[in-house]
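Encoded as structure tokens, the structure appears first; notes follow it.
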Amino acid sequence: MPEDPFSKAQKAVMIIHSKILVSDPDKDGTITTKLLVPADQAGCLLGRGGYIMIEMRKMTRAKIHIHGKERLPPCAAHTDELVEVRCLN
């Protein structure tokens, strides 16, 4: 059995986003999901050389971005990263 290429954190992002897709999109048809991810787990979304992020983008056709600390909402811990997932419905 081949090793699963995605970590549990990566699968969680894809599952959460797929559940949100059933909601109402923005006027332009875009669905946006913002997640707070512990900084030590954000690397799991990137993968070596960005490989995992590239693969997730290919599979979902979503735009995935990890924002800098300046974009963290007030409720975030200083150790969090803000991950934004956007796609057309």
Side-chain angles (χ1 to χ4, degrees):
M1 177 182 244
E3 185 177 319
D4 192 342
F6 298 111
S7 72
K8 290 180 182 180
Q10 295 157 348
K11 287 180 185 178
V13 169
M14 291 188 281
I15 290 169
I16 290 168
H17 194 68
S18 69
K19 298 293 182 190
I20 291 171
L21 289 177
V22 298
S23 66
D24 292 328
D26 294 340
K27 290 179 184 177
D28 65 355
T30 301
I31 301 286
T32 302
T33 306
K34 293 181 181 178
L35 304 165
L36 292 174
V37 177
D40 64 345
Q41 296 296 311
C44 293
L45 295 173
L46 289 170
R48 180 172 282 144
Y51 174 78
I52 299 296
M53 180 94 57
I54 291 166
E55 289 301 307
M56 287 193 327
R57 286 175 176 154
K58 283 181 189 176
M59 288 177 62
T60 64
R61 292 178 287 159
K63 294 180 181 180
I64 305 167
H65 185 74
I66 300 176
H67 293 285
K69 296 290 185 193
E70 69 280 355
R71 297 278 308 266
L72 284 177
C75 64
H78 70 282
T79 56
D80 286 340
E81 300 281 351
L82 178 64
V83 178
E84 183 175 359
V85 182
R86 299 186 65 161
C87 71
L88 290 174
N89 192 7

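Note: hydrogens, waters and symmetry copies are ignored here, and every other heavy atom, side chains too, is used.
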Review point. Got a sec, which residues hit side chain to side chain contact (heavy atoms under 4.5 Å, CB included) with H65, two or more places apart in sequence or on another chain?
Key: H67
Practice item. Could you tell me which residues satisfy salt bridge (charged side-chain N to carboxylate O under 4.0 Å, His left out) with E84, sequence neighbours excluded, listed by chain and number? Key: none
Check your understanding: When hydrophobic residues are tied together by side-chain contacts of less than 4.5 Å, even through go-betweens, does L72 share a cluster with L35?
Key -> no
**Study point:** Sequence neighbours excluded - salt bridge (charged side-chain N to carboxylate O under 4.0 Å, His left out) pairs with any residue from residues 67-80
**Key:** K69-E81
Report, one line per pair, each donor and acceptor closer than 3.5 Å where one atom sits in a side chain of residues 38-54; sequence neighbours left out.
none

Study note, to complete from the structure: CG of L36 to CG of L82, rounded to nearest 0.5 Å, is 6.0 Å
Study note, to complete from the structure: Contacts satisfying salt bridge (charged side-chain N to carboxylate O under 4.0 Å, His left out) that involve residues 52-67 (not counting sequence neighbours) are E55-K58
Point to revise | K34: partners by salt bridge (charged side-chain N to carboxylate O under 4.0 Å, His left out), with sequence neighbours left out | key: none
